[in-house]
Amino acid sequence: MSGPLRHIAVVGAGRMGEGIALAFAQAGVQVSLIDLKARQAQAQASYFEVVRRNLGVEAQSLVALELIGTQQAERLLSRVQLLTREEGGQALKSCRLVFEAVPEVLEAKREAFAWIDRQVAADAIIASTTSTFLVTELADMVSASGRMVNAHWLNPAHLMPLVEVSRSAATSETVVAELLATLQAIGKVPVLCNATPGFIVPRLQALVMNEAARMVEEGVASAEQIDQAVRTGFGLRFSVLGLLEFIDWGGGDILHHASSYLSRHLGERYQAPASVLDNMASGRNGLRDGVGFYDYRETDIDAYRHGRLASLVQRLHQGGLAPRFASGLEALDQPLLL
């Protein structure tokens with residue numbers, strides 16, 4: 001990027017568009033939030049009133065959460081300009097970065113990209129926020145596919161740090177690098193993934209959510225008990241250790257044996273993938289072998305373990321779940337039933 005980013009556009013003034021607009025506005029960037037749909041004057045005014053109300057509610061939520069002050073909320077909202085299709089065309093001419101956030105309908109995407117392509121400068125970056133279509137499917141919808149990239153935000157976009165970025169074979173390396181740097185500059189954590197259905201997080205969470213629903217169906221536990229287990233166990237651990245890091249922490253062979261047992265009783269969806277079997281066969285089970293999905297041979301293992309456990313304890317304290325030490329032989333609130 002030749003200079004500080006001062007202005008971006010978001011085409012599509014729905015919930016995702018609002019969230020992205022807030023994310024950039026929080027970072028001090030002026031945002032043109034463009035409603036691409038053609039509307040009669042009264043309908044347009046009514047629609048923009050709803051969008052302004054939504055943005056105001058979110059800004060006040062940030063105040064209530066003590067992330068910003070009242071005056072900052074006013075400045076935040078002043079950085080977002082709502083524009084019609086006609087007004088937006090002119091705004092796009094000065095934008096280096098444009099996000100497409102129209103509904104997940106292929107024809108709507110096609111129309112949006114054709115319109116954006118006609119308005120923007122030749123070197124502008126066009127980023128789709130789609131969670132449904134692959135960037136490889138969308139790249140040909142613009143005249144220069146090298147500037148097309150996918151930036152999949154998680155809701156709520158102005159709060160969630162992660163943005164999953166994927167590219168097509170034609171996407172310019174410069175475009176990818178610039179988008180990653182821009183997202184990092186506004187406080188986001190971009191990750192790069194190949195163009196594949198489900199990206200990273202939606203693919204993982206679909207499996208976990210379906211399995212949770214399946215457990216309710218099977219009477220394994222109530223919805224409340226399953227969610228309690230997720231909040232105080234599953235979710236806590238994986239907020240500190242990534243999934244593949246967790247495999248290495250416990251040992252890939254442990255996952256293999258657990259998967260073998262579960263697949264016999266619950267079906268082939270629990271079978272371990274080839275990578276886990278290959279690691280096990282090659283003696284790459286994780287921390288204790290010095291290598292697994294990660295290479296730990298140059299890592300101070302004691303310091304690494306301590307750091308991860310310290311992060312876990314911090315989260316336990318935040319949730320009021322940290323173990324407490326009893327100073328003496330204190331009676332329990334409830335007697336033990338022997």
Side-chain angles (χ1 to χ4, degrees), residues 1 3-60 62 72-105 107-130 138 141-143 147-151 153 155-158 163 178-179 182-183 185-186 188:
M1 191 174 296
L5 184 68
R6 302 188 186 282
H7 178 210
I8 67 112
V10 181
V11 178
R15 296 300 289 179
M16 179 55 72
E18 292 168 359
I20 294 171
L22 287 169
F24 276 93
Q26 286 182 87
V29 178
Q30 294 293 323
V31 180
S32 293
L33 182 55
I34 302 167
D35 179 26
L36 196 60
K37 187 173 181 178
R39 306 176 193 270
Q40 296 295 325
Q42 185 56 49
Q44 187 71 73
S46 298
Y47 185 76
F48 277 166
E49 184 58 34
V50 170
V51 174
R52 288 190 188 92
R53 187 181 309 121
N54 291 341
L55 293 171
V57 168
E58 294 299 340
Q60 288 307 308
L62 294 175
Q72 290 174 319
E74 294 173 359
R75 291 175 60 194
L76 169 69
L77 294 173
S78 73
R79 293 169 181 162
V80 180
Q81 184 178 23
L82 301 184
L83 300 176
T84 64
R85 182 188 183 108
E86 291 71 24
E87 296 165 335
Q90 186 61 38
L92 285 188
K93 298 184 188 306
S94 63
C95 283
R96 171 68 178 160
L97 175 59
V98 180
F99 289 95
E100 168 275 315
V102 302
E104 298 289 76
V105 177
E107 195 50 47
K109 300 288 187 190
R110 196 183 308 279
E111 178 189 349
F113 287 125
W115 182 79
I116 293 169
D117 200 41
R118 292 193 300 269
Q119 314 299 328
V120 295
D123 63 345
I125 296 171
I126 302 174
S128 176
T129 66
T130 181
L138 304 176
M141 295 183 185
V142 297
S143 57
R147 65 182 178 182
M148 168 74 83
V149 68
N150 187 197
W153 301 61
N155 273 314
H158 61 297
V163 182
E178 187 169 323
L179 178 61
T182 298
L183 291 169
I186 68 165
K188 296 302 178 182

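The structure presented is a predicted model; accordingly, all values stated were derived computationally and were not measured. We number each residue from 1, following the sequence as shown.
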Report task. May I ask you to check whether over 12 heavy atoms, not counting those of R39, lie within 6.0 Å of atom CZ? Result -> yes
Requested in this report: Report the C-alpha separation of I34 and L92 in whole Å, then their side-chain angles, then the decisive distance to 0.1 Å, and conclude whether the side-chain contact (heavy atoms from CB on, under 4.5 Å) test is met.
Outcome: CA-CA 10 Å; I34 302 167; L92 285 188; 3.9 Å; yes
Report summary line: Rounded to the nearest 0.5 Å, the SG atom of C95 sits from the NZ atom of K93 at a distance of 11.0 Å
Report task. Output the distance between atom OG (S128) and atom CD1 (I116), rounded to the nearest 0.5 Å. Result -> 8.5 Å
Query raised in the report: Would you call the rings of F99 and W153 parallel, tilted or perpendicular, where under 30° means parallel and over 60° means perpendicular?
Result: perpendicular
Query raised in the report: What are the two closest non-hydrogen atoms of A23 and K188, and how far apart are they?
Result: CB-CE, 4.0 Å
Query raised in the report: In this structure, which one of L82, I20, L83, V11 forms a side-chain contact (heavy atoms from CB on, under 4.5 Å) with L33?
Result: L82
**Report entry** salt bridge (charged side-chain N to carboxylate O under 4.0 Å, His left out) partners of K109, counting only residues at least two apart
**Finding:** E100, E104
**Report entry** Pair listing, ring-ring contact (aromatic ring centres under 6.0 Å, His included) test, anchored in residues 107-130, at least two apart
**Finding:** none
Query - Which residues share a side-chain hydrogen bond (donor to acceptor under 3.5 Å, both in side chains) with Q81, sequence neighbours left out - result: none
Report task. Hey, could you give me the CD/CG distance between E18 and N54, rounded to the nearest 0.5 Å? Result -> 4.5 Å
Query raised in the report: Is the closest side-chain heavy-atom distance between Q26 and H158 below 4.5 Å?
Result: yes
Query raised in the report: Got a donor-acceptor contact below 3.5 angstrom from the D35 side chain to the A13 backbone?
Result: no
Query - Heavy-atom pair of closest approach, residues L179 and A151 - result: CD2-CB, 4.2 Å
Query raised in the report: At their closest point, which heavy atom of L55 faces which heavy atom of L77, and how far apart are they?
Result: O-CD2, 3.6 Å
Report summary line: Residues V102 and G12: closest non-hydrogen pair is CG1-CA, 4.3 Å
Query raised in the report: With Q119, which residues qualify under side-chain hydrogen bond (donor to acceptor under 3.5 Å, both in side chains), at least two apart?
Result: none
**Report entry** Pairing residues for E111 by the salt bridge (charged side-chain N to carboxylate O under 4.0 Å, His left out) criterion, not counting sequence neighbours
**Finding:** R85
Report task. Using side-chain contact (heavy atoms from CB on, under 4.5 Å) as the criterion, point out the one residue from L183, I125, V29 that pairs with L97. Result -> I125
Requested in this report: For the residue pair F24 and L5, establish whether any side-chain heavy-atom pair is separated by less than 4.5 Å.
Outcome: yes
Report task. Please name the pair of heavy atoms, one in A91 and one in H7, separated by the smallest distance, quoted to 0.1 Å. Result -> O-CE1, 3.6 Å
Query raised in the report: What residues form a side-chain hydrogen bond (donor to acceptor under 3.5 Å, both in side chains) with R52, not counting sequence neighbours?
Result: none
Query - Pair E178 + R147: basic N to acidic O under 4.0 Å - result: no
Query raised in the report: If you look at every heavy atom in A25 and V31, which pair is closest and at what distance?
Result: N-CG2, 4.1 Å
